[in-house]
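Worksheet: one structure, shown below.
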Amino acid sequence: MEQGVIDLSALGSGFDLQSTLESGQSYLWWREDGEDFDDTTQYGGEAWYLTTARVDGDPAVIRVRQHEGRLEWEATVDAKPILFRRLRLDDDLGSIRATAPDDEVIEQAYDTYWGMRLVNDPPFGSLISFICSAQMRVSRIHGMQQSLREAFGTPVEFDGSTYHAYPTPEQLAEATETQLRDLSLGYRAPYVQRSAELVTEGTPIDVRDLPYEEAREALTEFVGVGDKVADCILLFSLGYNEAVPLDTWIRQTIEEYYPDCERGNYTETSRAIRERLGGEHAGYTQTYLFHFLRNGGGDDLGE
DNA sequence: ACCCAGGGAAAGT
DNA sequence: ACTTTCCATGGG
């Protein structure tokens with residue numbers, strides 16, 4: 001087992017592992033203590049989190065916790081470069097926040113969860129997990145990814161236990177719709193199977209060579225991926241900080257705080273709220289808003 | 001029983 | 001192009 005420590009005070013801006021991993025951005029991590037990522041979660045804990053990764057195609061297991069101002073990790077490989085990439089430890093939160101409008105609700109969101117970073121999930125896991133996210137609660141989306149791992153992922157030994165890597169496109173493409181429905185994926189089952197198959201046939205997930213709106217359009221070629229899911233993949237896996245996924249929560253936020261940004265269709269509303277939230281890093285600000293409001297923040301603001 | 005959950009595809013105008 | 005309708009499932 002390899003292990004190491006990352007000194008978070010050297011980052012120049014804060015870091016909060018729990019809000020980063022439990023804010024509904026990523027469904028590819030889980031808590032070692034088995035607690036769900038739900039509304040009742042207590043903040044301020046120092047739980048161990050696990051995920052899997054691929055290094056030159058080989059599955060690896062990583063375990064990490066935030067403790068006394070440091071990020072402690074244990075893994076089957078050298079996890080330091082993986083953690084810097086997946087937890088975006090090089091992001092300069094101060095300059096990102098500086099692009100946001102200084103509305104009261106946004107200030108409160110940033111203050112409350114300061115240190116939360118966007119995640120940078122592996123593209124395939126991001127694609128599949130957000131296909132699964134349609135009309136589904138956060139804790140159940142997590143559960144589905146765990147089920148997919150255990151049913152189709154390659155076993156990996158780590159610290160005396162057996163874990164399962166996230167399935168490869170080939171492994172999920174070979175799954176049957178019936179198998180996937182048996183994992184409680186519901187009507188998403190054929191979407192997952194077909195999209196995995198499209199990946200194996202060469203449809204690209206990594207569309208980072210395209211400008212933002214073209215990239216979003218390109219991702220909707222996958223089955224089960226519309227504008228909202230495409231925005232999630234762009235924001236939480238491909239580094240498009242300007243992407244603002246228009247989900248039920250942000251639509252409610254627009255109605256309550258930015259009603260003039262509602263333009264009647266996804267493309268135009270997206271442009272308006274993106275501009276309102278500062279453009280370049282609008283998705284970063286949106287993620288703070290989402291997490292803050294979903295956990296009950298802002299209830300005492302306005303009315 | 002009823003409603004909702006980080007929506008999207010398909011069918012109908 | 002724009003607007004309903006239907007889709008599975010578990011938890012409140």
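Only a predicted model underlies this, so the values are computations on that prediction, with no experimental measurement involved. In what follows, every chain begins at residue 1, and chains take the letters A, B, ... in the order their sequences are listed.
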Aromatic ring pairing [X]/[Y], orientation class (parallel under 30°, perpendicular over 60°, tilted between):
X	Y	answer
A/His142	A/Tyr27	perpendicular
A/His291	A/Tyr113	tilted
A/Tyr284	A/Tyr288	parallel

It should be established whether [X] places a side-chain nitrogen or oxygen under 4.0 Å from OP1 or OP2 of nucleotide [N].
X	N	value
A/Thr248	B/dG7	yes
A/Ser184	C/dA8	no
A/Gln135	B/dG7	yes

Test for a donor-acceptor pair under 3.5 Å between the base of C/dC7 and the side chain of A/Arg188, counting only N and O atoms.
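Flag unset: no donor-acceptor pair detected.
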Base, sugar-phosphate, or nothing: which does A/Arg181 touch, judged by heavy atoms less than 4.0 Å apart?
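Since only primed, P, OP1 and OP2 atoms lie under 4.0 Å of A/Arg181, the category is sugar-phosphate.
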Looking for any heavy atom pair under 4.0 Å, which part of the strands does A/Gln286 touch: base, sugar-phosphate only, or nothing?
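Base contact.
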Please determine whether a side-chain nitrogen of the Lys or Arg among A/Arg117 and A/Asp16 lies less than 4.0 Å from a carboxylate oxygen of the Asp or Glu.
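Looking at A/Arg117 and A/Asp16, the cut-off is not met.
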For A/Ser9 and A/Asp7, test the side chains for any donor-to-acceptor distance below 3.5 angstrom and give the result as yes or no.
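Yes, because at least one side-chain N or O of A/Ser9 sits under 3.5 Å from a partner of the opposite role on A/Asp7.
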Is there any protein nitrogen or oxygen under 3.5 Å from a nitrogen or oxygen in nucleotides 8-11 of chain B, and what are the pairs?
residue : atom : partner  : partner atom : Å
B/dG8   : OP1  : A/Gly226 : N            : 2.9
B/dG8   : OP1  : A/Gly226 : O            : 3.4
B/dG8   : OP1  : A/Val229 : N            : 2.8
B/dA9   : OP1  : A/Gly224 : N            : 3.1

Rounded distance (nearest 0.5 Å) linking atom CZ of A/Phe130 with atom CG of A/Leu235
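If I round to the nearest 0.5 Å, the distance is 8.5 Å.
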C1' atoms of C/dT3 and B/dA5, separation to the nearest Å:
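Going atom to atom, C1' in each nucleotide, I get 23 Å.
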If the P atom of C/dA8 is compared with that of B/dA10, how far apart are they to the nearest Å?
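Their P atoms lie roughly 12 Å apart.
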Take the protein atom CZ of A/Arg137 and the nucleotide atom P of C/dG11, then report the distance between them rounded to whole Å.
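Answer to the nearest Å: 9 Å.
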